[in-house]
Amino acid sequence: MRKEYLIAGNWKMFKTGAESREFVQALARDFTAAPGLTVAVFPPYTALEAVRGLDPKVRIGAQNLFYKENGAFTGEISPLMLRDLAEYVLVGHSERRQIFHESDEDVNLKLLAALQFGLKPVFCVGETLSERESGRTMDRIQGQLDKGLAGVNEEDWARITVAYEPIWAIGTGRNATPGQAQDVHHAIRSWLNEKAPGNRVKVLYGGSVKPDNSLELLAQEDIFGVLVGGASLKVESFSAIIHSGLTLLNA
Ligand code: PGA
């Protein structure tokens with residue numbers, strides 16, 4: 001598969017609308033568009049309107065969605081509401097799974113709802129530290145893929161991105177080695193090739209990605225981008241990661 005990168009910034013519960021707007025404008029000044037490079041930021045819901053259509057080089061994603069179109073679901077946001085504001089949407093981020101108790105079934109409903117409304121889901125999987133230490137990483141990831149990606153129509157694979165984020169590496173400063181990441185990415189690629197032959201689903205790595213490890217991670221054969229949390233909150237560090245991708249695309 002020819003290399004293409006999606007460099008995505010998950011801002012979590014940070015940044016107001018005004019801060020998000022300023023960030024996107026500054027980021028867009030810091031890099032030039034290139035074939036094979038897609039850059040996206042995932043601000044909180046409340047900032048989506050402020051960044052909409054600001055710069056075509058910086059695509060926009062939401063961090064979550066509910067799976068119903070509308071109804072009595074206080075506090076929730078539907079894919080129908082999001083589709084005019086965002087192109088991408090994170091589905092099944094480990095913080096949603098762990099803190100907000102989203103099950104594999106919830107995640108699957110969200111993924112299918114996102115697809116139904118024309119959004120591009122970034123579907124997150126990842127193992128805990130105890131799963132890794134007891135040799136259950138691949139079982140866990142395969143279970144998440146089987147359940148979370150159940151029922152996807154053939155023509156919808158093209159809109160899906162998978163993000164592998166080992167939970168023990170998120171926000172801990174302890175990232176997977178490029179080799180550890182590549183091993184899991186390779187297994188995910190094999191799973192995808194079996195379920196959807198000929199698909200071009202990108203698989204991103206996430207978990208303590210920083211300017212100083214991004215080049216080596218992105219250089220791995222089966223890594224097609226990164227999902228960046230902490231280091232995406234500053235223009236300087238996020239743009240340095242984008243430049244790692246550009247360096248590899250131009251090599
Ligand atoms: P981190 O977060 O880069 O701060 O580890 C990644 C994520 O949660 O997507």
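Hydrogens, waters and symmetry mates play no part in the numbers below; they use all other heavy atoms, side chains included. Both ligands and their constituent atoms are indexed starting at 1 by order of listing.
- With a 6.0 Å cutoff to the six-membered ring centre and a 45° limit on the axis angle, K120 counts as a cation-pi contact of Y88.
- Pairs passing the side-chain hydrogen bond (donor to acceptor under 3.5 Å, both in side chains) check and including a residue from residues 70-81, sequence neighbours excluded, do not occur.
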Show me the short polar-atom pairs for ligand 1: any N or O of it lying under 3.5 Å from a protein N or O, with distances only.
from     : atom 1 : to   : atom 2 : distance (Å)
ligand 1 : 2 (O)  : K12  : NZ     : 3.4
ligand 1 : 3 (O)  : S208 : N      : 3.4
ligand 1 : 3 (O)  : G229 : N      : 2.9
ligand 1 : 4 (O)  : G230 : N      : 2.9
ligand 1 : 5 (O)  : G171 : N      : 2.6
ligand 1 : 5 (O)  : S208 : N      : 2.8
ligand 1 : 8 (O)  : K12  : NZ     : 2.7
ligand 1 : 8 (O)  : H93  : NE2    : 2.7
ligand 1 : 9 (O)  : H93  : NE2    : 3.2
ligand 1 : 9 (O)  : E165 : OE1    : 3.3
ligand 1 : 9 (O)  : E165 : OE2    : 2.6

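- When the side-chain hydrogen bond (donor to acceptor under 3.5 Å, both in side chains) test is applied to S134, the partners found at least two apart in sequence or on another chain are R136.
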Only distances under 3.5 Å count here; give the side-chain donor-acceptor pairs of residues 33-41 to other protein atoms, sequence neighbours excluded, each with its distance to 0.1 Å.
none

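- Between K147 and E105, none of the side-chain N atoms (NZ, or NE/NH1/NH2) sits under 4.0 Å from a carboxylate O, so this pair counts as no salt bridge.
- Ion pair R97/E102 not flagged as a salt bridge, since none of the NZ, NE, NH1 or NH2 atoms sits closer than 4.0 Å to an Asp/Glu carboxylate oxygen.
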